[in-house]
K.L.:
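This structure is in structure tokens; I'll ask about it shortly.
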2 protein chains.
Amino acid sequence: MALEHAILVSLLEKPGSGYELARRFERSIGYFWTATHQQIYRVLKRMEGDGWIDVREVPQQGRPDKKEYSVAALGRTVLSGWLHEPIEPESVRHDLAVKIRGAAFDDPAALISEVERHHRAHADRLAHYLAGQLRDFTGPEAPAAQDAGQELQHAVLRGGIAYERMMLAWLDDVLATLHRLRPER
Amino acid sequence: MALEHAILVSLLEKPGSGYELARRFERSIGYFWTATHQQIYRVLKRMEGDGWIDVREVPQQGRPDKKEYSVAALGRTVLSGWLHEPIEPESVRHDLAVKIRGAAFDDPAALISEVERHHRAHADRLAHYLAGQLRDFTGPEAPAAQDAGQELQHAVLRGGIAYERMMLAWLDDVLATLHRLRPER
DNA sequence: CTTGTCTATGCAACGAGTTGCATAGGAGGA
DNA sequence: TCCTCCTATGCAACTCGTTGCATAGACAAG
């Protein structure tokens, strides 16, 4: 389980409230790790109880008060320990692959619009990543000299970009296959 | 949730016992969907209760008897319904990406061996996929004319191959980044 | 003859993740 | 004024997934 660790990393990058974390998990972090606000609030509470993180009540004007969390010394130790122990290469779950194999027992052509929908979603994500890369790393506004943290964030982002490009190419391949199967019916 | 659907597809491709399904989930299907035997037995029982699949007791010699499951008419209907409804592009969970971003707050160089380990694991999987492709689709032993099912299975396998190649290239990228950060310490 | 491995199925407990719902103040528009 | 949206936090119930353990027959190696 690594949600705790994802939260620790995110809080080290920048302290924030449960709500803010939930929004980050919809955006940058969410590209390689998802979590709902329920999960985040529950885990934050446990982490606080275990002394991994500190809380600070922050009164706000024009909006409800928030609890800003930051990583405690113990949290850094826990994260360091996790970083040094090996993890298993992650298990994959591709609903779409199940559908594609299942289409053989139904109507392959009916899957075309679904695959096209996924294609658009991945194209959108790729555009979003590329915009982020330009803004934060390779564009004229980006800082010239980058520290280790930025270098590593960029490496992760490049992984996201590579993943989306691979998916787009593969979905094109799948679409071509589905079209090829169509006349045979 | 799609474990039921993955099982339906697998049983349509070939009927089998819970044990056999578990083995398939370690192999071909496991490349895009994982499940333990516990999960599979539990879900099979529920699916049988719901009339999605039929059971047949098969006595065996030299080994324990087994229960062979096959897809019932209702199961086909359920699968067809699922195939026709849209699914969300899957959420991702990359432990390694969390580790890489976390390494900024620890020792980036300590991650090198871990990344190399993952690199080897992905290289192994790629070799396995390529062997399977040669055996079942592109080799001299493979059937010349392929039906829709085989075409689609091949398309999914090509996706796995593309994924592993992308991962290997990205892990090379990450390793280069980690090495570049090393002298700065 | 005991130990280990493979086939084959399953229970029980726990932990992780999802879904629905609830509350509450402030902002902005119909 | 009412309705909706955004920020902000949380409970309760449920489903999904993992881990540990148990059973049991057949076979092979030591």
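Computed from a predicted model, the values in this text were never measured in an experiment.
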K.L.:
I want to check one thing: is the phosphate of C:dG10, taken as OP1 and OP2, less than 4.0 Å away from some side-chain N or O of B:Lys45?
P.N.:
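B:Lys45 to C:dG10 OP1/OP2: side-chain N or O found under 4.0 Å.
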K.L.:
Do A:Arg93 and D:dG17 have a side chain to base donor-acceptor pair shorter than 3.5 Å?
P.N.:
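No such pair is found, so the answer is no.
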K.L.:
What is the distance from CG of A:Asp65 to P of D:dT9, rounded to the nearest Å?
P.N.:
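So the two atoms are 9 Å apart, to the nearest Å.
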K.L.:
I'd like to know if A:Leu134 and A:Tyr129 are part of one continuous hydrophobic network [Ile/Leu/Val/Met/Phe/Trp/Tyr, side-chain heavy atoms within less than 4.5 Å].
P.N.:
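No, it is not one cluster - the side chains of A:Tyr129 and A:Leu134 are not joined through contacts under 4.5 Å.
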K.L.:
Between atom CD in A:Glu26 and atom C1' in D:dA8, what is the gap in whole Å?
P.N.:
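So the CD-C1' distance, A:Glu26 to D:dA8, works out to 14 Å.
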K.L.:
Can you list, in residue-number order, the parts of residues 15-25 of chain B that come under 4.0 Å of DNA chain C, counting heavy atoms only?
P.N.:
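Going residue by residue through residues 15-25 of chain B, the ones with a heavy atom under 4.0 Å of DNA chain C turn out to be B:Ser17, B:Gly18, B:Tyr19, B:Arg23.
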K.L.:
Counting only side-chain N and O atoms of B:Gln38, is one of them less than 4.0 Å from OP1 or OP2 of D:dT19?
P.N.:
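No, outside the criterion.
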K.L.:
Has B:Tyr41 got a side-chain N or O lying under 4.0 Å from the OP1 or OP2 atom of C:dG10?
P.N.:
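No, B:Tyr41 has no side-chain N/O under 4.0 Å of OP1/OP2 on C:dG10.
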K.L.:
Using a cut-off of 6.0 Å, state whether more than 12 heavy atoms not belonging to A:His154 lie near its atom NE2.
P.N.:
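Atom NE2 in A:His154 is crowded, with more than 12 foreign heavy atoms closer than 6.0 Å.
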K.L.:
Looking only at atom types and distance, does a side-chain atom of A:Ser10 sit under 3.5 Å from a main-chain N or O of A:Ala6, one as donor and one as acceptor?
P.N.:
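No, because the side chain of A:Ser10 does not come within donor-acceptor range (under 3.5 Å) of the backbone of A:Ala6.
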K.L.:
Tell me which nucleotide among C:dT18, D:dC16, D:dG10 gets nearest to the side chain of A:Lys67.
P.N.:
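It is D:dG10.
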K.L.:
What integer distance in Å separates A:Ile40:CD1 from C:dT19:P?
P.N.:
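My rounded result for the distance is 15 Å.
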K.L.:
Can you say whether the rings of A:Trp82 and A:His5 are parallel (under 30°), tilted (30 to 60°) or perpendicular (over 60°)?
P.N.:
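Ring orientation, 0 to 90° scale: parallel.
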K.L.:
Which nucleotide wins on minimum distance to the side chain of B:Arg46, given the candidates D:dC16, C:dA24, D:dA24?
P.N.:
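Taking heavy atoms from C-beta onward, the closest nucleotide is D:dC16.
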K.L.:
Measure up the B:Tyr163 and A:His94 rings against each other and bin them: parallel (under 30°), tilted (30 to 60°), perpendicular (over 60°).
P.N.:
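Rings of B:Tyr163 and A:His94: perpendicular, as their planes differ by over 60°.
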K.L.:
To the nearest Å, give me how far apart CZ (B:Arg56) and C1' (C:dA8) are.
P.N.:
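Answer to the nearest Å: 16 Å.
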K.L.:
Rounding to an integer number of Å, can you tell me how far B:His5 NE2 sits from D:dC16 C1'?
P.N.:
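Interatomic distance, NE2 of B:His5 to C1' of D:dC16: 14 Å.
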K.L.:
Within the 3.5 Å criterion, strictly below it, is a donor on B:Ser70 or B:Asp54 matched to an acceptor on the partner's side chain?
P.N.:
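B:Asp54 and B:Ser70 do not have a side-chain donor-acceptor pair below 3.5 Å.
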K.L.:
For B:Leu3 and C:dG17, give me the distance from atom CG to atom P, rounded to whole Å.
P.N.:
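Atom-to-atom, B:Leu3 to C:dG17, this comes out as 17 Å.
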K.L.:
Under 3.5 Å, is there any donor-acceptor pair linking the side chain of B:Arg42 to the base of D:dG17?
P.N.:
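Present.
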K.L.:
Between A:Gln39 (CD) and D:dC11 (P), how many Å, whole number?
P.N.:
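In whole Å, D:dC11 P and A:Gln39 CD are 15 Å from each other.
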K.L.:
Does the D:dT9 base have a donor-acceptor partner in the side chain of A:Arg63 within less than 3.5 Å?
P.N.:
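Answer no: no donor N or O sits under 3.5 Å from an acceptor.
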K.L.:
For the atom pair CH2 (B:Trp170) and CZ (A:Arg158), what is the distance rounded to the nearest 0.5 Å?
P.N.:
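If we round to the nearest 0.5 Å, B:Trp170:CH2 and A:Arg158:CZ are 10.0 Å apart.
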K.L.:
Quickly work out the B:Gln60 CD to D:dA24 C1' distance and round it to whole Å.
P.N.:
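Value for this atom pair: 14 Å.
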K.L.:
Go nucleotide by nucleotide along DNA chain D from the 5' end; which of A:Pro64 and A:His37 gets its closest nucleotide reached first?
P.N.:
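Between the two, 5'-proximity favours A:Pro64.
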K.L.:
Are B:Glu13 and A:Arg101 close enough for a salt bridge, meaning some N to O gap below 4.0 Å?
P.N.:
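Counted as a salt bridge, because a side-chain N and a carboxylate O are separated by less than 4.0 Å.
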K.L.:
Does A:Lys66 make a side-chain N or O approach to OP1 or OP2 of D:dT9 shorter than 4.0 Å?
P.N.:
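Negative; the distance criterion is not met.
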